[in-house]
Amino acid sequence: MAPANAEGGLSIVTQRRLELAGKPGLQALILNMHTLSIAIFASIGGLVYGYNQGMFGQVLSMHSFAAASGVTGIQNPTLSGLLTSILELGAWVGVLANGILADRLGRKLCVVVACFFFCIGVVVQACTRGGSYSYILGGRFVTGLGVGSLSMIVPLYNAELSPPEIRGSLVALQQLAITFGIMISYWITYGTNFIGGTGDGQSRVAWLLPISIQTLPALVLAMGMMFMPQSPRWLVDQGRDEECRQILANLRRLSIDHPLVTMEFLEIKAQKVFETRISERDFPQYQDPSPSSKLMLGVHSYLSLFNKRSNFKRTTVAVLIMTFQQWTGVNFILYYAPFIFASLGLDGKTTSLLASGVVGVVMWIATIPAVLWVDRWGRKPTLITGAIGMGICHFIVAGIIGTSRSDWPAHKGAGWAAVVFVWIFAICFGISWGPCAWVVVAEVFPLGLRAKGVSIGASSNWLNNFAVAISTPDFVKAAPYGAYIFLGLICVFGALYVHFGVPETKARTLEEIDEVFGDQSGQSRLEVKMLQQAQRDVGLLTVAGIELQQDNGSDSEKHSVH
């Protein structure tokens, strides 16, 4: 007789599945090479997003682009800020629309639609001429619709496609793809910057090529997704259970009646039953199929994140973690690196672009150990250490600028020292707040509210991204070193907030997280029991060789392997 606890059945299901599938790790990735290859392909969406994020700041500094668009780099700070940030505003709209489209159209078709909007926006930007920035303004907003959608749909697709034992690794591919896209964007624009020279004779191709080349991976992704499998989870949502089983079998390279395929299918089916029952419990008045009921069900589901104190605390954590992530200054660096490095006394745009390229390289490399070991380090230590490291870098750069900017030619060494600390900042972000902030946001919510809570966190990310992008140029022009002091203080406040206001979610049970947020209702405990009942009702516990029974009013477990 096993000890009674609310999550015992879940852990035993996991144990039974791992006995069939093998333990997580490199061996599991090798055994699931087919699924891994599909996830890598889908992560082109992250590469597209990262490339666009890193590319525009470099293009904005090119002489021929200034002539074509009428934007003279950071010398017109308000306009350059708007042109950069308008993409984030479009992405915010795309994220919100994606929540509806992903369920209506399916994950595959949603990726195709996102790529369509992305390419249309790029084509409009490529038409820029005559000193008119309207092409860039409109094009980047439309491109943002696609970027925002891809930023959510790709990790969602990978998560729903992957076997549970490698889900974390496959979802983490998105962050690696983003940093890889940022990295190659710097080096592509560094190379095209020389086409026709870097002065008055610079060719339009110097900026047109790095902008237009974005359509190639987007088109490859759109066309390739038509040949990829549907999300098994979405198929179950649509009542297409047999298709789901067949796709799971194909992904695993196993027969459709293999016990592992059966277990994974029943886990998905149980989750669907669980979510339906949660909806019926919380909103029984909106269970009819009418459009008005569906609308009100969605509205009240989101309102539940705010109208209950414990849930509001969780939502606050998600929103503030994403707020601090953006105001650490990461996109301040990514969007305007050439101007920042030029302001540190580096000679010529070529040198500043070269220095920018290193930012992408070190951030990509730093993300790798974070993806591998964040579960060992813990969330809070990783975030606090990263924030302190980034804050120190900002303060040092502010000190260097404050003492040396009046005569950079006489302080070349100081300028390069500041560049090095910008690189160290990129390392600190890549190893901490880049991947780890998303982990915390996903883990603080109870099962029934997790998807909606993460969407709120994502919307906070894009809104703050917009605010950073539109304010940075004016900020830097008005306070060349004050901007770094401000960002350094934000990093310090972020570290303090994580220390005092964010629970450590590594290896915590749902009940422990409830206690941290002052939830005395036992919401997560009740939801775990409801999920166990759903697993029993669809037959998962029987297939797994588990038999749960009620004994004297408390949960106990009796195990029998069939």
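Small disclaimer: the values here were computed from a predicted structure and weren't measured.
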The residue among Arg252, Arg233, Arg245 that forms salt bridge (charged side-chain N to carboxylate O under 4.0 Å, His left out) with Glu264 is Arg252

Is it true that atom CZ of Phe466 has more than 12 heavy atoms of other residues, nucleotides or ligands lying nearer than 6.0 Å?
-> yes

Closest heavy-atom pair, Ile384 versus Ala495, reported as atoms and distance to 0.1 Å, is CG1-O, 3.8 Å

Between Thr35 and Leu161, the two heavy atoms sitting closest are CG2-O, 4.0 Å

Please lay out, stage by stage, how Leu305 and Ile456 fare under the test side-chain contact (heavy atoms from CB on, under 4.5 Å).
-> CA-CA 9 Å; Leu305 291 166; Ile456 295 295; 3.8 Å; yes

Aromatic rings Tyr286 and His300: how do their planes relate, parallel, tilted or perpendicular, breaks at 30° and 60°?
parallel

- Item | Side chains of Met228 and Tyr157 in contact at under 4.5 Å (non-hydrogen atoms) | yes

Worksheet item: Is it the case that more than 12 heavy atoms not belonging to Phe117 sit under 6.0 Å from its CZ atom?
Response: no

Heavy-atom closest pair (Pro435 atom, Gly430 atom, distance to 0.1 Å) is CD-O, 3.4 Å

Query raised in the report: Could Arg277 and Asp537 be called an ion pair, given the rule that one side-chain N must be under 4.0 Å from one carboxylate O?
Result: yes

Heavy-atom closest pair (Gly457 atom, Val441 atom, distance to 0.1 Å) is CA-CG1, 4.4 Å

Output for pair (Ile388 CD1, Ser432 OG), nearest 0.5 Å, gives 10.5 Å

Scanning both residues in full, the closest heavy-atom pair of Ile182 with Gly50 reads CG1-O, 3.3 Å

Q) Does Asn52 reach the side chain of Phe118, with side-chain heavy atoms less than 4.5 Å apart? A) yes

**Item:** Close side-chain approach of Glu243 to Gln230, heavy-atom, < 4.5 Å
**Value:** no

Might you work through the side-chain contact (heavy atoms from CB on, under 4.5 Å) test for Ile431 and Thr367, ending with a clear yes or no? CA-CA 5 Å; Ile431 208 168; Thr367 303; over 6 Å; no

The reported gap from CG in Leu235 to CG in Asp241 (rounded to nearest 0.5 angstrom) is 9.0 Å

#### Entry: Side chain proximity check, Leu266 to Gln535, heavy atoms < 4.5 angstrom
no

Sub-3.5 Å donor-acceptor pair from the side chain of Asn311 to the main-chain atoms of Ser304, do we have one? yes

A quick test of your reading: do over 12 heavy atoms of other residues, nucleotides or ligands sit less than 6.0 Å from CZ of Phe283?
yes

Expected output: side-chain Ser149 to main-chain Leu145 donor-acceptor under 3.5 Å: no

Item to complete: Could you tell me whether the side chain of Leu89 reaches within less than 4.5 Å of the side chain of Ser85, counting heavy atoms only?
Response: no

dist Ile321:CD1 -> Asn461:CG (nearest 0.5 Å) comes out at 12.0 Å

| message | Less than 6.0 angstrom separating the ring centers of Tyr497 and Phe324, yes or no? | response | yes

Here the gap from Ile178 atom CD1 to Met363 atom CE, rounded to the nearest 0.5 Å, amounts to 11.5 Å

Rounded to the nearest 0.5 angstrom, the CD-CH2 distance for Glu160 and Trp234 is 11.0 Å

Aromatic contact between Phe429 and Trp327, with the criterion being ring centroids under 6.0 Å apart: yes or no? no

The reported gap from CG in Leu176 to CD1 in Ile40 (rounded to nearest 0.5 angstrom) is 10.5 Å

*Val236 versus Phe265: any side-chain heavy-atom pair under 4.5 Å?*
yes

**Prompt:** Is there a side-chain contact (heavy atoms from CB on, under 4.5 Å) between Leu248 and Thr262 once you walk through the steps?
**Reply:** CA-CA 9 Å; Leu248 288 173; Thr262 301; over 6 Å; no

message = Pair Val113, Leu105 - check side-chain contact (heavy atoms from CB on, under 4.5 Å), show working.
response = CA-CA 9 Å; Val113 171; Leu105 304 179; 4.0 Å; yes

query: Just by distance, with hydrogens left out, do Gln287 and Ser279 show a side-chain donor and acceptor under 3.5 Å apart?
result: yes

In short, Ser43 meets Val154 closest at the heavy-atom pair CA-CG1, 3.9 Å

Beyond-backbone contact of Asn464 with Glu88, side-chain heavy atoms, under 4.5 angstrom: no

